[in-house]
Amino acid sequence: MQERYTPAEIEQAAQQYWEQNKVFKAHDHDPREKYYCLSMFPYPSGRLHMGHVRNYTIGDVIARYQRMQGKNVMQPMGWDAFGLPAENAAMQNKVPPAKWTYDNIAYMRNQLKSLGFGYDWERELATCDPNYYRWEQWLFTRLFQKGLIYKKSGVVNWDPVDQTVLANEQVIDGRGWRSGAPIERREIPMYYFRITAYAEELLAGLDRLPGWPEQVKAMQRNWIGKSRGMEVHFPYADGSDVLKVFTTRPDTLMGVTYVAVATEHPLAAKAAANNPKLRSFIEECKKGGVTEAEIATQEKKGMATGEFVTHPFTGKKLPVWVANYVLMGYGEGAVMAVPAHDERDFEFATKYGLPVKAVIQLPDAALPQQFQSAYTEYGMLFNSGEFDGLDFEQAFDKMAVVLQTKKLGGPKIQFRLRDWGISRQRYWGCPIPIIHCAACGDVPVQDKDLPVALPEDIVPDGSGNPLAKLPAFYETQCPQCGKPARRETDTMDTFVESSWYYARFCSHDGVSGMVDERARYWLPVDQYIGGIEHAILHLLYARFFHKLIRDEGLVTGDEPFTKLLTQGMVLAETFYRTHANGKKDYFFPHDVAFERDAKGRTVTATLKSDGQAVKVGGIETMSKSKNNGVDPQELIAKYGADTARLFVMFAAPPEQSLEWSDAGVEGAYRFLKRLWVFAYEQGDRFEKQAGVNGSSAGPEALALRRDIHQILKQANYDFRKHQFNTVVSAAMKLLNTLERIPTETGARAYDELLHEGVSILLRLLAPITPHISHALWHELGFAGDITQAAWPEVDESALVQDEVELVVQVNGKLRGHITAASGANQADVQAAALADGNVKRYTEGKEIKKVVIVPGKLVNIVVG
RNA sequence: GCCCGGGUGGCGAAACUGGUAGACGCAAGGGACUUAAAAUCCCUCGGCCUAAACAGCCAUGCCGGUUCGAGUCCGGCCCCGGGCACCA
């Protein structure tokens, strides 16, 4: 055995061993219990970042832990390979997105291998591979025929200079990122997945996911946004039609003083036809991007249309306004406005001098019904004719009856969730398998013609979709009538690929279908791990897709992911100087030197190259623009993969954000060195060992053994809870304890204890730092391969103690410590507590009102 | 704007169901070893008061409440982060 810890050597040797022995190959047919552990696959951006390292270390720790629990583990890896960055890189470097993407995959695959992750590489897949996306196109044609995919118009960001559609990310402060031109909202035809058909099931399914974080389920529930309310019809003044609105507050119906419609509403368009002022107002409202955040924070603006509707109960005329805060995508694209009882309506009515009519009584009825702001609580109705005196529920029921009688609406369940628009006017994505025929309409591509292959040698130029300029791609014949027809040139949202890859890993090489019978063995995924930023969209779409392919008869079960772990972001300190023009220059942390005071606080930070001060900018997410990203490659080169893995697991619990610390990395490295040296120095004592029973051991050895098993018990608990930071801390404590075992006595009990303790420590660490664990397991002569070793078990008999220490409180304040026999009765414990010298000081001469005893923990004496 | 999280020493954090706040580690200070440095090892380490204390007081973002007892439960507020449907 080597005296020095040499991570580069032992890591390469361990990785070679795993590869040659196919240790991580997942077996499709195996009598052991299956365990499918999946980490969200990366976008092949070029290099791994620390977020990846963290995500995949967590996944690998769980997978290796489960393998040691005796399970048949599958942990695959692949590439979310379509997407916008490849097109941007292509424009910059004049390289086709396909080449750029495949080169990146090759590089990043090596990075993942150098970190020692236990993937079954035979199952690797990339979503830009026609063998992958052909099944997505196949599913598309099925869903299209079932009506679960349909076409309608949708709103996009339009750059009027570049004449192209922009992603939200490409709109900065309302302007195109390349052209700088103000963006407009524009409507274009798009294909939609009818996710709303599954809204009820997607919502109800959350209650059957006990292994998901409450936080994520809450976000999804709110996103789906089921609400019970009323559809109310306001007849047009000329009687030609009705204006439909949805409201969750029908009890305020008698307080409606106007109605407002979205700028895209047909009524707005009709009114604008012979009203130039209104027309230009609507045009004005189209400025800016499409994100909800932007729309919700913009100044509320509106204009009267000159049109009127009538109140369904009173028949009174109400003006119709166009308002920029009404969303066409939610409900009917129109709202009834009750300024007295809705904040937004109140603000709008105040601004435009519209009337405010109160119909809900304030709790104190004597207060004047004058408004500084809307009163939005529930209450008793007044000013509401036949509904006066009713509460919310009563008013709801009675109004429902009246509306239904008049055929002007009724109760309705409304969802906030909208159908999923998947058309993208981009090149580097999965082609939509539709052919447009002048005679037959939109015709799906036939199975025999799939895949619709994306040409891979194209360099986009930033002006619209290259596929639309490629006759060789779009010129085709109608599958139905055979006449010349045009192929759809839009591609799919890349969220579509990532919605079903988890299923394809089970049958990665299947040629008979999207997934095959192997998926029924492996699914659902037992543990899914990924960033919290995916809490809603990706995870909701994947749940939706699982139900779609279930309903195609391809998989069984209703949910794709049994347990979910959402890991926090990786942050690092930032350093910058501000230019005179306000622009900031960010400096790489390694180029900054610090001066600290006696308490270790940073006093000054200076740039190493010029010695001048830089500003400390606080802790932010690692990013290129902030220049604070730490390259995993440098870390591996300097310390090895085990140190990188140990640090990311130790620095914070998985769900929390993790602050990068170079010093912390040093600490992790130091621990591994200490472990290696300890094993080297004690190695010769391992040959003497036999079975362990500890029977001949003295009290000191028994106490050490109790500590060891106490630590193991805590570590096992933390492993189950996925609190890996405290598992690492337990491993450190364990090494500290083992170092306390006397070495010079020659007593056999200590050798046995050492052997037992080290075997526990190596197995605890094996999932986290697999290379050093692998090497020491062999070096110290333990049998077999540690990746398959049985998980250590706690010997409960080792934990038994004769005496326990109790704390004594007086009125909840700590005043003393006593020791008591483990099984001591309450009276004895109380007597011992009252006899404590310091406790006496606080109890003497006072009435003892009550004594609370928590067995094995504390005594609290309450005095008057 | 809306939804969801988080806030504990100089720093990352720990504290199981409401029961000793600060485990484990980092940084810092002191010491040993060394020609020296690195590495390694030992000691100290929330604040105040104190000669010192296993004597006391304060302390888990802020204000208030429940309880024998609150970092943990409840109400209100402040700050920071994630998401908001075309970044992935």
Side-chain angles (χ1 to χ4, degrees), chain A residues 40 42-43 45 80 83-85 154 156-157 165-171 213-216 218-219 221-223 225 290-298 325 329 344 417-418 420-426 493-495 498 531-538 540-541 566 568-569 571 596-602 618-621 650-653 655-668 670-671 673-674 677 714 717-718 721 723 725-726 728-733 736 805-814 816-817 838 841 849-852 854 857-858 860-863:
Chain A
M40 290 182 187
Y43 177 77
S45 56
D80 188 14
L84 199 54
V156 294
N157 301 304
V165 175
L166 296 183
N168 287 339
E169 189 192 48
Q170 298 171 311
V171 179
E214 281 307 322
Q215 171 195 5
V216 173
M219 282 193 261
R221 266 184 210 109
N222 292 331
W223 186 262
V290 299
T291 69
E292 192 185 303
E294 199 169 330
I295 290 163
T297 51
Q298 73 192 353
Y325 69 85
R344 227 169 26 180
L417 182 69
R418 311 201 290 263
W420 175 16
I422 54 103
S423 294
R424 298 289 180 270
Q425 299 67 47
R426 300 241 166 71
D493 181 357
T494 57
F495 269 126
S498 55
I532 184 66
E533 66 273 20
H534 296 291
I536 298 177
L537 291 179
H538 163 62
L540 190 65
Y541 292 151
T566 49
M569 317 280 282
L571 316 174
R596 298 185 200 278
D597 66 10
K599 296 244 167 177
R601 281 176 290 219
T602 303
I619 310 283
E620 304 195 51
T621 56
F650 181 52
E655 280 92 353
Q656 265 179 47
S657 55
L658 182 155
E659 288 180 33
W660 192 257
S661 151
D662 287 330
V665 176
E666 287 278 357
R670 201 174 301 154
F671 170 73
K673 270 195 294 191
R674 239 179 76 210
V677 169
Q714 182 66 48
Y717 177 82
D718 290 339
K721 285 187 70 180
Q723 293 201 2
N725 56 326
T726 48
V728 174
S729 139
M732 290 170 167
K733 281 184 202 171
N736 290 344
E805 185 175 83
L806 300 178
V807 297
V808 185
Q809 298 179 331
V810 179
N811 286 348
K813 287 200 180 264
L814 177 65
H817 299 259
N838 199 43
R841 286 179 46 198
K849 289 184 165 172
K850 190 173 170 183
V851 177
V852 181
V854 182
K857 287 234 157 136
L858 65 65
N860 187 16
I861 300 156
V862 186
V863 295

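Chain identifiers are assigned alphabetically (A, B, ...) following the order of the sequence lines, protein sequences preceding nucleic acid strands; residue numbering begins at 1 within each chain. Just so it is clear, the model here is predicted, and its values are computed rather than measured.
The separation of C77(B) from U67(B), taken at their C1' atoms, amounts to 24 Å, rounded to a whole angstrom. Between the C1' atoms of A88(B) and G18(B), the separation comes to 42 Å (whole Å). For the C1' atoms, the distance from G46(B) to U60(B) is 11 Å, rounded to whole Å. C24(B) and U50(B) are spaced 31 Å apart, taking the C1' atom of each and rounding to whole Å. G56(B) and G61(B) have their P atoms separated by 25 Å, with the value rounded to a whole Å. Separating the P atom of G31(B) from that of A37(B) is a span of 13 Å, rounded to the nearest Å. Nucleotides A21(B) and C54(B) place their P atoms 14 Å apart, quoted to the nearest Å. Between A13(B) and C63(B), the distance separating the two C1' atoms is 27 Å to the nearest Å.
In this structure, CD1 on I295(A) lies 6.0 Å from CD on Q298(A), to the nearest 0.5 angstrom. From E169(A), atom CD reaches atom CG of N157(A) across 11.5 Å, with rounding to the nearest 0.5 Å. We find the CG-CE distance between L540(A) and M219(A) to be 12.0 Å, quoted to the nearest 0.5 Å. Within the model, atoms OG1 of T566(A) and CD1 of I532(A) stand 3.5 Å from one another, a figure rounded to the nearest 0.5 Å. The CG atom of D80(A) sits 8.5 Å away from the NE2 atom of H538(A) when rounded to the nearest 0.5 Å. Separating the CZ atom in R670(A) from the CE atom in M732(A) is a distance of 10.0 Å, to the nearest 0.5 Å.
Looking at RNA chain B, the stems built from 3 or more consecutive Watson-Crick or G-U wobble pairs, each pair with its key distances under 3.5 Å, are B:1-7 with B:78-84, B:10-12 with B:24-26, B:28-32 with B:40-44, B:46-48 with B:56-58, B:61-65 with B:73-77.
Residue contacts shown for R841(A) are limited to sugar-phosphate atoms, with no base heavy atom under 4.0 Å away. K849(A) comes within 4.0 angstrom of nothing in the nucleic acid, heavy atoms only. Residue contacts for K721(A): at a heavy-atom cut-off of 4.0 Å it reaches no nucleic acid atom on any strand shown. Residue E214(A) is out of contact with every strand shown, counting any heavy-atom pair closer than 4.0 Å.
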Restricting to nitrogen or oxygen on both sides, can you table the protein-nucleotides 42-44 of chain B pairs closer than 3.5 Å?
none

Return the polar atom pairs (N/O with N/O) between nucleotides 20-26 of chain B and the protein under 3.5 Å, or none.
| unit_1 | atom_1 | unit_2 | atom_2 | d |
| --- | --- | --- | --- | --- |
| A23(B) | O2' | K733(A) | NZ | 3.1 |
| G25(B) | OP1 | N736(A) | ND2 | 3.2 |
| C26(B) | OP1 | R670(A) | NH1 | 2.7 |

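Put simply, the side chain of V862(A) does not reach to within 4.5 Å of the side chain of V851(A), judged on heavy atoms. Taking the side chain as every heavy atom from C-beta outward, W223(A) and L537(A) approach each other to under 4.5 Å.
Between N811(A) atom CG and G19(B) atom P the separation is 19 Å, expressed in whole Å. Distance CD (Q215(A)) to P (G6(B)): 7 Å, rounded to an integer number of Å. Here U40(B) presents its C1' atom at 16 Å from CZ of F671(A), a figure rounded to the nearest Å.
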Q215(A) and E655(A): CA distance, side-chain angles, deciding distance, side chain to side chain contact (heavy atoms under 4.5 Å, CB included) verdict: CA-CA 11 Å; Q215(A) 171 195 5; E655(A) 280 92 353; over 6 Å; no
Candidate pair V854(A) and N860(A), rule side chain to side chain contact (heavy atoms under 4.5 Å, CB included), full reasoning: CA-CA 8 Å; V854(A) 182; N860(A) 187 16; over 6 Å; no
Derivation and outcome, side chain to side chain donor-acceptor pair (under 3.5 Å), residues T291(A) and N168(A): CA-CA 7 Å; T291(A) 69; N168(A) 287 339; 5.8 Å; no
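For N860(A), whose side chain is taken as the heavy atoms from C-beta onward, the closest listed nucleotide among G69(B), C16(B), G1(B) is G69(B). Distances from the side chain of P653(A) to the nucleotides C68(B), A14(B), G1(B) place A14(B) closest.
Remark on RNA chain B: of its neighbouring residues I861(A) and V216(A), the 5'-side contact belongs to V216(A), judged by nearest-heavy-atom nucleotide.
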Footprint string (nucleotides 82-88 of chain B, 5' to 3'): B base within contact, S backbone only, - free, heavy atoms under 4.0 Å: BSBBBSB
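Contact between the side-chain N/O atoms of K850(A) and the OP1/OP2 oxygens of U67(B) is not found at any separation under 4.0 Å. At the phosphate of C2(B), neither OP1 nor OP2 sits under 4.0 Å from any side-chain N or O atom of Q298(A). Within the 4.0 Å cut-off from OP1 or OP2 of G6(B), not a single side-chain nitrogen or oxygen of Q656(A) is found.
Judged by distance alone, with hydrogens and angles left aside, the side-chain atoms of D718(A) form no donor-acceptor pair with the main-chain N or O of N725(A) at under 3.5 Å.
Using bins of under 30°, 30° to 60° and over 60° for the plane-to-plane angle, the ring pair W420(A)/Y541(A) lands in the parallel bin.
Evaluation of the side-chain contact (heavy atoms from CB on, under 4.5 Å) rule for V165(A) yields V156(A), W158(A), Q425(A) as partners, not counting sequence neighbours. With sequence neighbours left out, the side-chain contact (heavy atoms from CB on, under 4.5 Å) criterion links Q170(A) to L84(A), N88(A), L166(A), A167(A), W177(A), R426(A).
In this model, no side-chain donor or acceptor of N222(A) finds a partner on the base of C3(B) within 3.5 Å.
An anti base is found at G7(B): its glycosidic angle is more than 90° from 0.
Y43(A) approaches G83(A) most closely through the heavy-atom pair OH-O, 3.9 Å.
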